[in-house]
Amino acid sequence: MSTGTSSQPRVIVFSTPNCPFCNMAKRYLRERGIKFRDVDVSRDAAAARDMVRRSGQQGVPVIDINGNIVVGFDRPKIDRLLGLK
């Protein structure tokens, strides 16, 4: 698998609609052209359990970037995992 700039990372954002940090994180990813799957854990109990299993956290956002978990809107960690400056 290529790690060059042409490969799109696999990004999943576990969020809820009324979470300001979730919305900031999604806006940040969109502004940088990063495609992601948005999973609303308030509507999907199985996804909420999956999020807790992956992260050990019940709070949102939880962002999965190629299997690496970011809890909260941690911009430096997101940038590092996505190779952004």
Side-chain angles (χ1 to χ4, degrees):
M1 179 170 155
S2 170
T3 56
T5 55
S6 63
S7 66
Q8 174 69 36
R10 185 182 57 81
V11 180
I12 304 169
V13 179
F14 294 93
S15 66
T16 60
N18 58 350
C19 162
F21 288 105
C22 300
N23 292 326
M24 285 174 22
K26 291 185 282 188
R27 182 170 47 250
Y28 183 75
L29 293 170
R30 283 188 197 104
E31 287 171 354
R32 279 142 191 82
I34 304 297
K35 291 185 176 81
F36 61 91
R37 184 162 63 98
D38 184 19
V39 178
D40 180 353
V41 296
S42 72
R43 295 177 178 266
D44 186 338
R49 286 191 300 274
D50 184 39
M51 177 190 78
V52 172
R53 181 186 59 76
R54 291 177 193 228
S55 68
Q57 300 292 316
Q58 293 188 348
V60 288
V62 170
I63 305 167
D64 181 329
I65 301 172
N66 291 330
N68 298 289
I69 299 300
V70 180
V71 176
F73 180 40
D74 183 342
R75 191 178 311 188
K77 188 171 182 182
I78 292 167
D79 287 352
R80 182 171 50 77
L81 291 171
L82 292 173
L84 301 174
K85 302 250 182 233

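Just so you know, these numbers come straight off a predicted model, no measurement behind them.
The OG atom of Ser15 sits 13.5 Å away from the CE atom of Met24 when rounded to the nearest 0.5 Å. In this structure, the separation between CZ on Arg32 and CG on Leu84 is 7.0 Å, given to the nearest 0.5 Å. To the nearest 0.5 Å, the span separating CZ on Phe14 from CZ on Arg37 amounts to 6.5 Å. Summarising the geometry, atom CG belonging to Asn23 is positioned 8.0 Å from atom OG1 belonging to Thr16; distances are rounded to the nearest 0.5 Å.
Shown here are the side-chain hydrogen bond (donor to acceptor under 3.5 Å, both in side chains) partners of Arg49, two or more places apart in sequence or in another chain: there are none. Taking Pro17 as the reference, Asp40, Ser42 meet the side-chain contact (heavy atoms from CB on, under 4.5 Å) condition, with sequence neighbours excluded. Tyr28 pairs by the ring-ring contact (aromatic ring centres under 6.0 Å, His included) definition with Phe73, not counting sequence neighbours.
A salt bridge does not link Asp79 to Arg75: none of the charged nitrogens lies less than 4.0 Å from a carboxylate oxygen.
Annotation for Val52 and Gln57: closest pair CG2-O, 3.3 Å, computed over non-hydrogen atoms. In this structure, Ile63 and Ala25 approach most closely via the heavy-atom pair CD1-CB, 3.9 Å.
Val71 is not connected to Phe21 by any chain of hydrophobic side-chain contacts under 4.5 Å among Ile, Leu, Val, Met, Phe, Trp and Tyr, and they are in different clusters. Cluster annotation: Met51 is not connected to Val13 through the hydrophobic network of ILVMFWY side chains, with a link wherever side-chain heavy atoms come within less than 4.5 Å.
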- request: Decide yes or no on side chain to side chain contact (heavy atoms under 4.5 Å, CB included) for Ile12 and Val39, but give the supporting numbers first.
  value: CA-CA 7 Å; Ile12 304 169; Val39 178; 3.7 Å; yes
- request: Go through the steps to decide whether Leu82 and Leu29 satisfy the test side chain to side chain contact (heavy atoms under 4.5 Å, CB included), and finish with yes or no.
  value: CA-CA 10 Å; Leu82 292 173; Leu29 293 170; 3.7 Å; yes
- prompt: Between Ile34 and Gln8, does a side chain to side chain contact (heavy atoms under 4.5 Å, CB included) hold up when you go through it step by step?
  reply: CA-CA 8 Å; Ile34 304 297; Gln8 174 69 36; 3.9 Å; yes
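In this structure the side chain of Asn66 never reaches within 4.5 angstrom of the side chain of Leu81, judged on heavy atoms. In this structure the side chain of Val62 never reaches within 4.5 angstrom of the side chain of Arg54, judged on heavy atoms.
Shown here is Gln58, whose CD atom has no more than 12 heavy atoms of other residues, nucleotides or ligands within 6.0 Å.
Looking only at distances, a side-chain donor or acceptor of Lys77 sits under 3.5 Å from a matching main-chain atom of Ile69. Looking only at distances, no side-chain donor or acceptor of Asn68 sits under 3.5 Å from a matching main-chain atom of Asp64.
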